[in-house]
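Single-structure report; data block below.
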Amino acid sequence: DVVQTALLNGITTIEVGAEGGDQAFADAYRAAVDQHPEIADSKIEVMQRIGYRIDDSTSFPNDVKQPDGVLHNLSPDYIQHVLHESAVTKLTEYYSMSFTPMLHNPEAQTDSQLVHVLKDAFVTLEEWCKTRPQDHVYGITSNGLSLPKLHALHLDFNVVMNAVEQATTSLESSPSAFQVIQL
């Protein structure tokens with residue numbers, strides 16, 4: 001009902017959660033279109049966070065276990081897995097919507113070379129965006145960007161932009177598909 005009401009009232013950007021949020025949205029979207037076919041004519045943007053999961057039944061290279069038990073991963077393998085498996089990615093093949101993957105809280109990575117982790121993640125996302133039939137973009141959602149510099153999880157905006165620049169330079173692609181920042 002929430003998805004249907006939002007779409008009927010002109011909401012054009014929706015964020016879905018990880019670990020089943022994409023499938024729940026896909027089911028809700030299809031049900032809304034079944035009841036109100038005109039919804040399918042409205043272009044919407046669906047954002048999905050990538051980088052963390054609670055389910056540890058499958059492991060990926062570079063998983064980082066957080067103190068609360070959540071697994072965090074920004075490796076190209078994990079990002080490609082999420083992009084391939086996302087129910088929202090599959091919806092974009094049939095409906096007028098764009099899918100915006102959002103790297104979630106990269107500051108949770110314990111790797112001291114965060115700019116390299118981000119660069120590899122951004123290269124993966126740049127390549128993915130270029131293979132999509134529609135214009136797709138990607139972004140980052142981060143608590144760390146808004147934390148004070150002295151906080152242990154502070155993420156310097158310059159680190160993010162440096163990684164974006166390295167990714168686009170290595171791919172010789174300009175402009176970058178990096179277009180969204182969520183604090």
Side-chain angles (χ1 to χ4, degrees), residues 12-23 25-26 43-53 58-64 66 70-146 153 155-183:
T12 60
T13 303
I14 296 176
E15 180 180 355
V16 300
E19 300 212 315
D22 59 324
Q23 187 62 57
F25 171 77
K43 183 161 174 58
I44 63 168
E45 176 183 21
V46 182
M47 301 184 324
Q48 181 178 340
R49 294 177 181 203
I50 296 176
Y52 71 97
R53 67 187 189 286
T58 304
S59 65
F60 291 87
N62 304 318
D63 276 346
V64 176
Q66 301 299 306
V70 171
L71 294 168
H72 198 272
N73 196 321
L74 297 180
S75 71
D77 289 340
Y78 182 70
I79 292 169
Q80 289 173 356
H81 167 77
V82 173
L83 294 173
H84 183 264
E85 296 298 320
S86 175
V88 177
T89 301
K90 293 172 175 79
L91 278 181
T92 65
E93 297 172 15
Y94 303 101
Y95 295 101
S96 180
M97 66 176 62
S98 62
F99 173 55
T100 304
M102 304 286 288
L103 292 186
H104 181 256
N105 285 350
E107 63 274 8
Q109 292 289 298
T110 56
D111 187 346
S112 62
Q113 300 296 318
L114 182 57
V115 72
H116 298 295
V117 171
L118 282 173
K119 178 210 164 226
D120 291 345
F122 292 159
V123 163
T124 301
L125 292 168
E126 289 281 343
E127 289 173 333
W128 180 82
C129 286
K130 289 182 183 356
T131 66
R132 306 306 298 168
Q134 304 171 14
D135 290 334
H136 283 326
V137 298
Y138 68 94
I140 189 171
T141 178
S142 170
N143 296 322
L145 286 169
S146 59
L153 293 176
L155 177 59
D156 188 327
F157 180 72
N158 292 316
V159 169
V160 174
M161 295 314 296
N162 186 1
V164 169
E165 183 178 335
Q166 287 183 28
T168 55
T169 299
S170 73
L171 293 172
E172 298 178 4
S173 65
S174 185
S176 173
F178 179 84
Q179 293 188 13
V180 181
I181 295 175
Q182 181 183 45
L183 303 176

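Owing to the predicted nature of the structure, the values given are computational and were not obtained by experimental measurement. Residue numbers start at 1 and run along the sequence shown.
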Once rounded to the nearest 0.5 Å, what's the spacing between atom CD of Glu85 and atom CD of Gln23? 11.0 Å
Is there a side-chain contact between Ser170 and Val123 (heavy atoms, below 4.5 Å)? yes
Please answer whether the main-chain N or O of Trp128 pairs with a side-chain N or O of Thr131 as donor and acceptor at a distance below 3.5 Å. yes
Who are the ring pair (Phe, Tyr, Trp, His ring centres under 6.0 Å) partners of His72, not counting sequence neighbours? none
Heavy-atom donor-acceptor pair, Thr89 side chain to Leu83 backbone, under 3.5 Å: yes
Tell me the closest heavy-atom pair linking Ile79 and Leu125, and the distance in Å. CG2-CD2, 3.8 Å
Might you point out which heavy atoms bring Leu145 and Leu155 nearest each other, and give the distance in Å? CD2-O, 3.3 Å
Evaluate the side-chain proximity of Ile14 to Phe25: yes if any heavy-atom separation is below 4.5 Å, no if none is. yes
Considering only heavy atoms from C-beta outward, does the side chain of Thr141 approach that of Val180 to under 4.5 Å? no
Surrounding CD of Glu165 (heavy atoms of other residues, nucleotides or ligands, distance under 6.0 Å), is the total greater than 12? no
Within this structure, what is the CG-CD distance for the pair Asn143 and Gln182, rounded to the nearest 0.5 Å? 9.5 Å
Please report the closest heavy-atom contact between Val115 and Ala163, naming both atoms and the distance. O-CB, 3.6 Å
Check Ala108 against Val64 and note the closest heavy-atom contact, atom names and distance. O-CG1, 4.0 Å
Has the side chain of Arg53 got a donor or acceptor atom that lies under 3.5 Å from a matching backbone atom of Thr58? yes
Student check: side-chain heavy atoms of Val160 and Phe122 closer than 4.5 Å: yes
Say you draw a straight line from CG of Asn105 to CG of Leu74; how long is it, rounded to the nearest 0.5 Å? 9.5 Å
Considering all heavy atoms, the nearest Gly51-Tyr78 contact: N-CE2, 3.9 Å
Chi angles and distances behind the side chain to side chain donor-acceptor pair (under 3.5 Å) call for Ser75, Asp77: CA-CA 5 Å; Ser75 71; Asp77 289 340; 5.3 Å; no
Rounded distance [0.5 Å steps], NZ in Lys43 versus OG1 in Thr12: 10.0 Å
Is a donor on one side and an acceptor on the other found under 3.5 Å between the side chain of Asp22 and the backbone of Ala87? yes
Considering only heavy atoms from C-beta outward, does the side chain of His136 approach that of Ser98 to under 4.5 Å? yes
Donor-acceptor pair, Thr124 side chain versus Asp120 backbone, under 3.5 Å? yes
Between the CD1 atom in Ile140 and the CD1 atom in Ile181, the distance rounded to the nearest 0.5 Å is 7.5 Å
Is Glu107 reaching over with its side chain to a backbone N or O of Gly144, donor-acceptor style, under 3.5 angstrom? yes
Show the nearest heavy-atom pair for residues Tyr94 and Lys90, with the distance to one decimal. CD1-O, 3.3 Å
Is there a side chain to side chain donor-acceptor pair (under 3.5 Å) between Thr168 and Glu126 once you walk through the steps? CA-CA 8 Å; Thr168 55; Glu126 289 281 343; 5.9 Å; no
What orientation do Phe60 and His81 show, parallel under 30°, tilted 30 to 60°, or perpendicular over 60°? tilted
